Amino acid sequence: MKSTEQLAVTKNISGNGNGFDPEVIRRDFPIFKRKINGRRLIYLDSAATTQKPNAVIDVIDRYYKFQNANVHRGLHTLAEEATTAFEATRDKVAKFIGGVKREEIIYTRNATEAINLVAQSWGQANIKKGDRIVITQMEHHANLVPWIVLSRKTGAELVYIPITPDGFLDLKDIGKIISANTKMVALTQMSNVLGTINPVEDIIDLAHKRGAVTLVDGAQSVPHLPIDVRAMDADFLAFSAHKMLGPTGLGFLYGKEEILNNMEPVVFGGEMISEVKFDYADWNALPYKFEAGTPHIAGAIAFGSALDYLNALGMENIRNHEKGLIAYALEKMKELDFIKIYGPLDSERRGGGVSFNDKDIHPHDLATFLDMMGIAVRAGHHCAQPLTRLFGVNATTRASFYIYNTINDIDALITGLKEARRYFKYE
Amino acid sequence: MKSTEQLAVTKNISGNGNGFDPEVIRRDFPIFKRKINGRRLIYLDSAATTQKPNAVIDVIDRYYKFQNANVHRGLHTLAEEATTAFEATRDKVAKFIGGVKREEIIYTRNATEAINLVAQSWGQANIKKGDRIVITQMEHHANLVPWIVLSRKTGAELVYIPITPDGFLDLKDIGKIISANTKMVALTQMSNVLGTINPVEDIIDLAHKRGAVTLVDGAQSVPHLPIDVRAMDADFLAFSAHKMLGPTGLGFLYGKEEILNNMEPVVFGGEMISEVKFDYADWNALPYKFEAGTPHIAGAIAFGSALDYLNALGMENIRNHEKGLIAYALEKMKELDFIKIYGPLDSERRGGGVSFNDKDIHPHDLATFLDMMGIAVRAGHHCAQPLTRLFGVNATTRASFYIYNTINDIDALITGLKEARRYFKYE
Amino acid sequence: MSEPLDDLYRDILMEHFRYPRGRNKLEHVHLHNEGQNPVCGDEIEIALELEGEKVKDIYVSCMGCAISVASGSMLAEIIKGKSLEEVKKIAEVIKSMLKGKESRNELELGDLEALKGVRKFPVRIKCALLSWTTLIDAILAKEASKKAQISSSE
Amino acid sequence: MSEPLDDLYRDILMEHFRYPRGRNKLEHVHLHNEGQNPVCGDEIEIALELEGEKVKDIYVSCMGCAISVASGSMLAEIIKGKSLEEVKKIAEVIKSMLKGKESRNELELGDLEALKGVRKFPVRIKCALLSWTTLIDAILAKEASKKAQISSSE
Ligand SMILES: Cc1ncc(COP(=O)(O)O)c(C=O)c1O
Ligand SMILES: Cc1ncc(COP(=O)(O)O)c(C=O)c1O
């Protein structure tokens with residue numbers, strides 16, 4: 001790729017006419033003032049967790065300083081303010097994923113807990129021996145281990161949609177895999193290792209025709225793509241706040257009202273009940289039925305601000321920006337003959353991070369080397385051990401992007417990859 | 001009580017020779033700069049959640065601004081710093097409750113989830129039809145509903161230790177109640193409604209003699225009393241960070257290593273596994289086995305600072321300070337013939353908040369009235385509906401205290417109670 | 001005390017609280033329901049005696065705060081003699097009033113206007129609505145069971 | 001590149017990484033174990049051939065990073081000829097060294113001294129210890145089963 005082409009990509013990214021400028025965005029993120037090992041921080045680990053803008057951090061600060069109270073059960077001013085703000089975020093989340101009912105949004109700790117809630121409550125009640133659960137070979141452990149455990153407990157079979165060598169779902173036998181006895185189809189909308197964007201609508205459609213219920217792991221997709229869960233028609237959608245500018249300790253389960261209404265809660269205590277006697281307990285209405293105990297109030301309120309921030313940027317613009325970054329990164333990496341890329345090479349059909357390996361340098365050593373240059377990447381199995389092994393390795397290196405990343409960051413990475421080979425004496 | 005006695009109490013509180021001065025402490029809590037309905041805030045709702053000192057708020061702020069990264073799986077500098085700080089809090093918690101092993105401390109969302117983890121994992125595996133579960137009549141829904149559900153699921157009987165009219169556990173039949181077939185004894189160390197401090201050591205001792213496992217709900221006790229869980233010999237202890245200066249979204253389960261080792265996890269995903277194949281998953285070591293997915297990193301790190309703050313004050317001093325406040329509040333309220341107090345009147349045997357009712361004004365109306373004076377109290381069943389009903393009411397008013405409360409706050413409350421009667425025309 | 005508080009605890013409301021209407025047991029009960037405010041445990045019992053589609057008499061018993069007791073008492077007063085359709089309409093108007101929407105009000109609300117002060121106290125709205133939601137739930141349940149009967153006898 | 005990195009990837013360490021010792025399969029295997037680093041999925045296999053209490057030969061195969069491969073190779077080099085008791089002692093010394101404690105070091109560590117640079121990279125300590133913990137676990141398991149045999153034959 002020549003420097004003129006490079007310029008075009010840069011333009012495509014920051015000059016899309018929507019005022020989307022990562023250089024400006026970066027100024028909202030205090031962490032970029034920090035030096036890492038004497039270098040400027042180049043953060044390429046947003047698939048693990050994103051950095052947070054001042055708008056979010058300040059809300060947490062303000063909440064604890066001037067508003068802090070427990071929610072729902074309080075009659076005093078602070079409690080009422082906290083409750084109003086806490087519930088306002090629920091409305092924002094309902095709107096953000098395509099305009100669902102507020103009762104369909106359940107606060108959880110993270111995406112992992114959201115998926116487990118479904119596997120445990122819906123799964124235990126509806127999955128029996130002889131049934132089939134379908135997931136894919138590219139699932140994160142969060143959408144893999146709960147189903148392994150459920151199938152072990154119930155005797156249901158767990159069947160995987162395989163992947164092609166270039167990192168797409170292999171859909172040629174999908175009609176057989178999603179069989180008439182399939183009760184649950186759970187899959188990720190975007191792979192955290194390969195970046196693949198899966199055709200969830202089609203798969204959901206087929207699953208529904210077979211009478212199965214569907215769960216979409218949106219941990220990687222909701223932060224990066226415009227989402228319309230109603231158009232998608234997923235029965236459940238799980239995602240985490242911390243991967244989309246929000247605080248840690250907060251995640252979400254969307255579920256269709258009718259299905260949630262028929263599910264038993266899994267955690268019991270305050271707030272989730274409507275009446276308790278010594279020998280009797282009755283459940284509260286949605287969504288509270290699934291929210292026992294004091295929730296992450298500060299986190300929820302701050303996440304409202306994260307959604308405002310993303311909405312102001314526009315999810316379409318974010319997707320376009322990232323598509324540009326990924327295309328550029330793939331181009332540049334393809335030029336390096338010592339780098340093997342895992343996953344699709346077409347930026348239209350992928351998002352997320354780029355996983356790759358140096359043919360000689362182990363991902364750990366590479367990550368440590370890059371860190372000394374201020375570049376934060378991730379190395380390991382990325383909580384998708386069986387997938388990583390499919391590619392014949394124990395670990396890969398992953399560089400993942402978000403709204404604050406620029407072409408410069410990718411250039412720095414490419415330089416780092418070259419220098420690593422010199423340092424480890426392969427060049 | 002005459003003004004000279006009053007003075008003595010004040011002295012006892014702030015002049016205990018340990019430099020414990022609530023007026024000085026208050027300056028660390030920015031919320032007290034806030035006006036509520038034009039009045040200075042008098043916060044008497046710490047049993048619901050406590051206010052947070054700058055030391056805690058600033059750590060959250062700094063974390064998100066300059067350290068933010070996902071933990072455990074990262075090799076880069078930010079990830080390593082976050083992991084170290086996150087794990088350091090585990091050590092502090094282990095020390096704070098009496099010096100247990102770090103592996104015995106599990107991060108949860110709140111006390112509620114901690115108790116549910118035990119009911120679900122240990123309970124489902126060890127409780128059968130014919131077994132007995134013993135709890136008390138003064139449990140919070142968090143330590144009540146999980147056992148109702150477990151007994152319903154397993155067919156085990158649920159038996160309550162009753163309470164006396166003055167709000168103590170009635171222990172005269174305890175030898176019969178904790179029978180040979182009792183498998184679990186779960187009780188609160190301090191009632192969130194009555195303030196009663198229960199003789200947990202004796203009850204645990206008896207339970208162990210009968211071969212039962214014990215769980216202590218420490219949601220109200222750990223923030224307010226010096227705790228030595230090893231001396232207490234509880235098998236499990238549950239508590240929440242937000243009730244002891246810490247952030248929302250974080251709680252803890254302590255469990256004896258041997259018991260935890262024999263328990264199955266209940267939430268499955270990243271971090272809690274040691275190896276995953278497509279048809280196989282094996283669990284990580286303690287404590288990670290029970291911590292699936294991205295934890296509340298910021299919350300955990302900030303909670304380390306909350307513990308430092310409490311340690312600097314000294315838990316003995318905190319207990320003495322609160323004992324003084326409660327004694328004073330009880331004295332003052334006893335003088336009001338329109339106020340009925342629920343729970344023990346001896347401040348040596350109680351802590352926590354004081355629950356009471358005006359004989360004519362409903363707790364809701366009273367709470368709304370007090371709020372207009374800037375006084376935050378709680379009204380309702382305090383998530384202990386069966387207990388509240390034992391006293392023949394649907395709701396009580398509760399004023400609860402912490403390190404930043406003063407004699408002045410109680411005087412303001414007493415004035416408020418009197419003015420309410422004038423306002424509602426009962427005087 | 002302060003102005004919003006006076007607006008909440010208006011004299012009319014306090015008068016209803018002190019002398020609640022509808023406390024006499026009914027001879028014939030055609031509609032019955034119990035309600036709870038899960039936040040606080042407040043409880044209400046409502047019963048109606050009907051004459052055709054009209055409310056002949058009503059029984060309301062509420063263990064609760066001034067707002068919920070007074071609101072229940074006002075309910076007892078206003079719905080007497082009204083048809084169930086009218087009752088549902090009044091409930092809608094009160095709901096919108098409490099949620100702060102300007103009601104294009106063709107209905108005569110009488111004392112119920114006094115509930116307006118609750119708007120400034122969002123946590124108390126549930127108290128003001130407890131009697132109304134309990135009653136409406138009962139009416140809707142009755143209608144649903146009637147429909148079911150009709151369709152099963154068709 | 002920077003100094004701490006040079007201290008981590010010392011020449012001796014890189015030499016072990018490139019030419020790891022102990023890659024020959026053993027004739028007789030008296031002790032065998034496999035280990036994993038759950039953080040990254042790195043895998044190791046270790047086997048010992050014993051002569052009495054002494055290590056006669058050793059096989060180490062590690063799929064992992066430079067640190068874990070080199071550490072495994074150094075292990076293979078140093079424990080040859082040592083008694084199992086001595087091996088356990090060396091493991092202890094290395095653990096303390098990596099955790100930054102000054103070891104009152106009577107033992108000759110040879111190339112293993114090169115692992116000192118890992119101290120500045122806490123997340124890599126697990127890599128450096130993988131081979132050692134895998135080996136020690138095997139030794140302890142063997143001892144435990146021996147004890148059990150003795151007590152059951154008493
Ligand atoms: C005695 C007791 N147990 C449990 C809880 C539940 O705490 P959390 O809501 O933080 O889970 C509380 C707090 O309300 C409590 O007072
Ligand atoms: C695809 C996918 N699913 C689920 C998760 C789990 O998210 P969390 O750790 O926030 O529960 C992740 C994040 O690592 C992910 O990438």
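Given the structure is predicted, the values throughout are model-derived calculations rather than measurements. Every chain is numbered from 1 and lettered A, B, ... according to where its sequence line falls, protein lines coming before strand lines.
The part of A:Tyr160 that comes within reach of chain B is its side chain, from C-beta onward, which places non-hydrogen atoms under 4.5 angstrom from that chain. Neither the backbone nor the side chain of A:Glu264 comes within contact range of chain B, judged by heavy atoms closer than 4.5 Å. With a 4.5 Å cut-off on non-hydrogen atoms, A:Pro146 touches chain B through its backbone and its side chain both. Only the side chain of A:Asn116 comes within less than 4.5 Å of a heavy atom of chain B; its backbone N, CA, C and O stay farther away. For A:His364, the parts lying under 4.5 angstrom from a heavy atom of chain B are both the backbone and the side chain. Contacts of B:Asn110 with chain A are made by side-chain atoms alone, with heavy-atom separations under 4.5 Å and no backbone atom involved. A:Leu144 touches chain B through its side chain: at least one heavy atom from C-beta onward sits under 4.5 Å away, while N, CA, C and O do not. For chain B, the nearby part of A:Val149 is the side chain; its heavy atoms alone come within less than 4.5 Å. Using a 4.5 Å cut-off between heavy atoms, B:Ala119 does not touch chain A at all. No part of A:Glu139 comes within reach of chain B, as not one of its non-hydrogen atoms sits under 4.5 angstrom from that chain. Interface residue B:Pro295: only backbone heavy atoms are found under 4.5 Å from chain A. Neither the backbone nor the side chain of A:Asn143 comes within contact range of chain B, judged by heavy atoms closer than 4.5 Å. Contact annotation for A:Ile115: neither backbone nor side-chain heavy atoms come within less than 4.5 Å of a heavy atom of chain B. In this structure, chain B has a heavy atom under 4.5 Å from the side chain of A:Asp45, while its backbone stays farther away. For A:Ile273, the part lying near chain B is the side chain, with the backbone staying farther off; criterion is any non-hydrogen pair under 4.5 Å. Proximity to chain B is absent for every atom of A:Ala384, based on heavy atoms less than 4.5 angstrom apart. For A:Leu250, no part lies near chain B; criterion is any non-hydrogen pair under 4.5 Å. With a 4.5 angstrom heavy-atom cutoff, B:Leu41 touches chain A only via side-chain atoms.
Within the 3.5 Å criterion, the main-chain N or O of B:Gly269 finds no donor-acceptor partner in the side chain of A:Thr112. In this structure a side-chain-to-backbone donor-acceptor pair under 3.5 Å is present from A:Gln51 to B:Asn68.
Counting only heavy atoms from C-beta outward, the side chains of A:Glu113 and B:Glu113 approach each other to under 4.5 Å. In this structure, B:Ser240 and A:Thr294 have side chains that are not in contact, with every pair of non-hydrogen atoms separated by 4.5 Å or more. Contact annotation: the side chain of A:His296 approaches that of B:His296 to within less than 4.5 Å [non-hydrogen atoms, C-beta and beyond]. Taking the side chain as every heavy atom from C-beta outward, B:Gln120 and A:Gln120 approach each other to under 4.5 Å. When side chains are defined from C-beta on, B:Leu390 counts as touching A:Phe278, because their heavy atoms get closer than 4.5 Å. The closest side-chain heavy-atom distance from B:Arg378 to A:Asn70 is below 4.5 Å. Inter-residue side-chain proximity for B:Ile148 and A:Val276 is flagged as met; some heavy-atom pair is nearer than 4.5 Å. Looking at heavy atoms from C-beta onward, A:Lys277 lies out of side-chain contact with B:Gln385 at the 4.5 angstrom threshold.
Ranking B:His242, B:Arg152, B:His381 against chain A, the residue ahead of the rest is B:His242, based on heavy-atom pairs under 4.5 Å. When B:Ala79, B:Ser151, B:Ala367, B:Pro247 are compared by the number of non-hydrogen pairs under 4.5 Å with chain A, B:Pro247 comes out ahead. Considering only heavy-atom pairs separated by less than 4.5 Å from chain B, the leading option among A:His140, A:Arg389, A:His382 is A:Arg389. Here B:Ala292 is the residue among B:Ser46, B:Ala111, B:Ala292, B:Gly374 with the most heavy-atom pairs under 4.5 Å with chain A. Comparing B:Ala300, B:Pro53, B:Gly249 by heavy-atom pairs within less than 4.5 Å of chain A, the highest count is held by B:Gly249. Ranked by heavy-atom pairs under 4.5 Å with chain A, the list B:Leu78, B:Ile135, B:Asp279, B:Asn54 is led by B:Leu78. Contact count against chain B (heavy-atom pairs under 4.5 Å) is highest for A:Ile57 among A:Ile57, A:Val56, A:Thr50.
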Using distance only, find each side-chain donor-acceptor pair of residues 30-37 of chain A under 3.5 Å and give its atom names and separation, not counting sequence neighbours.
| from | atom 1 | to | atom 2 | distance (Å) |
| --- | --- | --- | --- | --- |
| A:Arg34 | NH1 | B:Phe66 | O | 2.8 |
| A:Arg34 | NH1 | B:Glu81 | OE1 | 2.7 |
| A:Arg34 | NH2 | B:Glu81 | OE1 | 3.4 |
| A:Arg34 | NH2 | B:Glu81 | OE2 | 2.7 |
| A:Asn37 | ND2 | A:Asp371 | O | 2.9 |
| A:Asn37 | ND2 | B:Thr77 | OG1 | 3.3 |

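Below 30°, between 30° and 60°, or above 60°: for A:His76 and B:Tyr43 the angle between ring planes is above 60°, a perpendicular geometry.
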